[in-house]
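For reference, the structure is listed below as structure tokens.
Values below: all heavy atoms of this structure, side chains included; hydrogens, waters and symmetry mates excluded. Counting starts at 1 for both ligands and their atoms, following the listed order.
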Amino acid sequence: MIEVWGRVTSINVQKVMWTAAELGLEWRRHDVGGAWGGTTEPSFVAMNPNRLVPVLRDGDTLVWESHACVRYLAATYGSDALWPSEPGARAAADMWMEWASTTLIPALGPTFIQLVRTKPEARDLSLLQASMKRTAEAFAMLDAHLRDRDFVAGDRLTMGDVPVGCATYRYLNLNIERPELPDLARWYRTLCARPAFRTHVMVPLV
Ligand SMILES: N[C@@H](CCC(=O)N[C@@H](CS)C(=O)NCC(=O)O)C(=O)O
């Protein structure tokens, strides 16, 4: 059985839990972070000196950084499914994970924080506007990529869909105006049909 430390409302924890559930793994999750606290406890810091969730333990293997956790689970338990064995196919999945880290989630983050976690009177509107613009550009790029494929790395779900899928749930459930993104919407509908995504990602935005 794997163990995960992290609160259900964390996008980074959601990536790991969705992956674990997609692979049919048995898991135990410990509520840590946010209102739960615990990230500065010596026992937690000993596992992750960054003091951030998620942390994953599988036997003697300890992993932090959500994408490292997703890759570890996909490589260990994903056979040729979430972790494509052919290096080129795997790189296609991997590059969208990196893009989520470097481009999509940094663009979306301020929009999410401002609209969901900041009181209206305290919002920084210029930060919000800039973030919404960068986010719309990033999702337009993903929409164009999905125009002629079912999933980000081809015709089946891979680890590459996980970070962008979690970010897409947030984006499409914020109360904002969005451009039409028909191919993103088609791909997102297939994610919503997956029980693991519904259980671990489609949770209330707080
Ligand atoms: N790059 C890290 C970022 C981890 C991170 O920022 N985690 C946030 C939650 S999404 C956190 O631990 N925040 C402090 C808290 O929840 O108390 C990853 O992908 O795992």
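- For the 3.5 Å distance criterion, the side chains of Asp161 and Trp187 qualify, holding a donor opposite an acceptor.
- We find that Asp183 and Arg149 are not joined by a salt bridge, their nearest charged nitrogen and carboxylate oxygen being 4.0 Å or further apart.
- Cation-pi geometry between Arg178 and Phe139 is not satisfied (NZ or CZ under 6.0 Å from the ring centre, within 45° of the ring normal).
- Lys133 and Glu177 are not joined by a salt bridge, as no carboxylate oxygen comes within less than 4.0 angstrom of a charged side-chain nitrogen.
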Which atom pairs, one a donor and one an acceptor, fall under 3.5 Å between side chains of residues 199-206 and the rest of the protein, sequence neighbours left out?
from   : atom 1 : to     : atom 2 : distance (Å)
Thr199 : OG1    : Pro195 : O      : 2.9

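- Atom CD of Glu26 is surrounded by 12 or fewer heavy atoms from other residues, nucleotides or ligands within 6.0 Å.
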Provide, line by line, the atom pairs where ligand 1 and the protein bring an N/O atom each to a distance under 3.5 Å; else say none.
from     : atom 1 : to    : atom 2 : distance (Å)
ligand 1 : 1 (N)  : Glu65 : OE1    : 2.7
ligand 1 : 1 (N)  : Glu65 : OE2    : 3.3
ligand 1 : 7 (N)  : Val53 : O      : 2.8
ligand 1 : 12 (O) : Val53 : N      : 2.8
ligand 1 : 16 (O) : Arg7  : NE     : 2.9
ligand 1 : 16 (O) : Arg7  : NH2    : 2.9
ligand 1 : 16 (O) : Gly34 : N      : 3.2
ligand 1 : 17 (O) : Gly34 : N      : 2.8
ligand 1 : 19 (O) : Asn12 : OD1    : 3.3
ligand 1 : 19 (O) : Glu65 : OE1    : 3.4
ligand 1 : 19 (O) : Ser66 : N      : 3.3
ligand 1 : 19 (O) : Ser66 : OG     : 2.6
ligand 1 : 20 (O) : Ser66 : N      : 2.8

